[in-house]
Amino acid sequence: MAEIIESGGGKKHGGKKRPKKHSTHVDMTPMVDLFSLLLTFFMLTTAFSKPKVMEIVLPEKLTEEEQKKIERPKVDDSKVLNIILEDDKAYWYNGMADPKKPLPVIEITDFSKDGIRKVLLKRNKELYVKMDAFTQDIVKGKLKMPKDSVDKKLKQFKKEDKAGPVVLIKAGENVKYGNLVDIIDEMAICNIARYAIVDISPVELQMLAAAKGTATASTPTSNETK
Amino acid sequence: MSKLKMPVRNPGVDMTPMVDLFSLLLTFFMLTTSFRPQEVVQVDTPSSVSEKTTPEKNVITLFISKDNKVYFNIDNGEDTSSHVRSNLLKQIGEYYRIEFTKEELNTFGKFSSFGLPMNQIKTWLNTKDSKERDAMQSGIPMDSTDNQLQMWIHFARLNNPNAEAAIKGDFDSDYKTVKKIFDILQDKKVNKFNLTTNLEKVEVKAKDIQ
């Protein structure tokens, strides 16, 4: 597709000889071909959204000797909120399950917006409202702060908090990894200051079995009422 | 009067603006691109609200597939000339009494994630066809009698002590497997884990809290 240029110039005016005018245009078609090919290639292979990560830090494993030396922090029983994961459901109860005392009531919920999140928010209301107000101020521009100090401040809120629950997450045998991530994510959403992933105790397994028994027994009646 | 003659038009189209635009876009994509790394298994990660991005270098990645198989990957670290991967294979080969040739070590340096028992690695490296290679991947054994994953992590930590651990687990993989991996990593003094997730937006209104 070379350009056709009528090069008639030169001899019309007088007899002066002028060098033949060459076209200054370059044929760009192959270049465009190549460019569009490369462009398509790069557009298709680019991974724009980098995957995100959720960071968790687990307590260091200690030998038995080391464990004896360390003083375990005392936790007020009334503050403890236990969440047991099992079969795509979340079971929760307050306080500690002590076989010598009457066992706490176990309740069943799920991982939806109105499930475990409601329970957590209710318990963690004070801290949540405080932190939410702060982040809203940052978002709306009422408060101006560099990102590091925002993070620092949020961490400090969590540290100073006294009213919030201590959440113990216990995962049973047949739990999906996704459910664990869900529940840790709920901790982040609800701004829970203190939580830990711990092993399930035999007493809790009993409680769980009992709760499951009543749940299956009560499902037909709940269906009828619907 | 003679017939009305239409002036002869030049049929060529001026492509200069198009070329300008294309070269601009091309430069942009070439500079911003980061290639999607090849992965042995398709993993559907769960979602979270975390906005932290994956570290690009110095990562030990453990993939957990739907059927609870574990795959391993480590990058070459900050300085690609340090040949972390090749050294790793050499050392682990010495441990399992398998000798690898220089070419095999080099090919291993170029590959990414993998999941095979030690005794198959040699055949895997010498297989030319990539489809055949992928078909060989059956996960790294991590039973208590033959815990090869532990050895991989051990030597990976030796070769690149700065490496962080990233776990890319499928939503449907079992917690049991993940817990086992946590345990193995904690035995090797890794206590911080990056769980790869998809970003999701969650909004909670303060007034909704009862």
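Lettering of chains follows the sequences in order, A, B, ..., and the numbering in each one begins at 1. Any value given below was found using the heavy atoms of this structure, including those in side chains, with hydrogens, waters and symmetry copies removed.
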For the [atom1] atom of [X] and the [atom2] atom of [Y], what is their distance to the nearest 0.5 Å?
X	Y	atom1	atom2	result
B:Leu31	A:Phe42	CG	CZ	9.0 Å
B:Ser173	A:Leu180	OG	CG	10.0 Å
A:Glu55	B:Thr197	CD	OG1	11.5 Å
A:Asp185	B:Ser47	CG	OG	7.0 Å
A:Asn174	B:Tyr175	CG	OH	13.0 Å
B:Lys179	A:Ile197	NZ	CD1	9.0 Å

For [X], does the [atom1] atom sit with more than 12 other heavy atoms under 6.0 Å from it, leaving out its own atoms?
X	atom1	answer
A:Lys79	NZ	yes
B:Lys66	NZ	no
B:Tyr95	OH	no
A:Lys152	NZ	no
A:Lys89	NZ	no
A:Met43	CE	no

- Between A:Glu60 and B:Gln186, is there a donor-acceptor pair closer than 3.5 Å when you use the side chain of the first and the backbone of the second?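 Absent.
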- Can any side-chain N or O of B:Ser48 pair as donor or acceptor with the backbone N or O of A:Met54 at less than 3.5 Å?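 Answer holds: no.
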- Item | B:Thr53 and A:Val53, any side-chain heavy atoms less than 4.5 Å apart |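 The answer is no; the side chains never approach within 4.5 Å.
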- Message: Less than 4.5 Å apart, side chain to side chain, heavy atoms only: is that true for B:Phe28 and A:Leu39?
- Response: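 A side-chain contact is absent here, since even the closest heavy-atom pair is not under 4.5 Å.
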Where on [X] is there a heavy atom nearer than 4.5 Å to chain B: the side chain, the backbone, both, or neither?
X	answer
A:Val175	both
A:Asp199	side chain
A:Met31	side chain

Please flag which part of [X] lies under 4.5 Å from any non-hydrogen atom of chain A: side chain, backbone, both or neither.
X	result
B:Asp170	backbone
B:Lys168	neither
B:Glu200	side chain

- Message: I'd like to verify something: which residue of B:Leu185, B:Thr177, B:Asp44, B:Asp174 has the highest number of heavy-atom pairs under 4.5 Å with chain A?
- Response: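 Among B:Leu185, B:Thr177, B:Asp44, B:Asp174, the one with the most close pairs to chain A is B:Asp174.
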- Item | B:Leu199, B:Asn194, B:Val49 screened by side chain to side chain contact (heavy atoms under 4.5 Å, CB included) with A:Lys52, the one that passes |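 Only one of B:Leu199, B:Asn194, B:Val49 forms a side chain to side chain contact (heavy atoms under 4.5 Å, CB included) with A:Lys52, namely B:Leu199.
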- Item | Residue that, paired with A:Tyr177, satisfies side chain to side chain contact (heavy atoms under 4.5 Å, CB included) out of B:Ile167, B:Asn68, B:Thr45, B:Ile64 |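 Single side chain to side chain contact (heavy atoms under 4.5 Å, CB included) partner of A:Tyr177 among B:Ile167, B:Asn68, B:Thr45, B:Ile64: B:Ile167.
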- Message: Looking only at heavy atoms and a cut-off of under 4.5 Å, which of A:Val32, A:Val57, A:Leu58 has the most pairs with chain B?
- Response: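 Answer, by heavy-atom pair count under 4.5 Å with chain B: A:Leu58.
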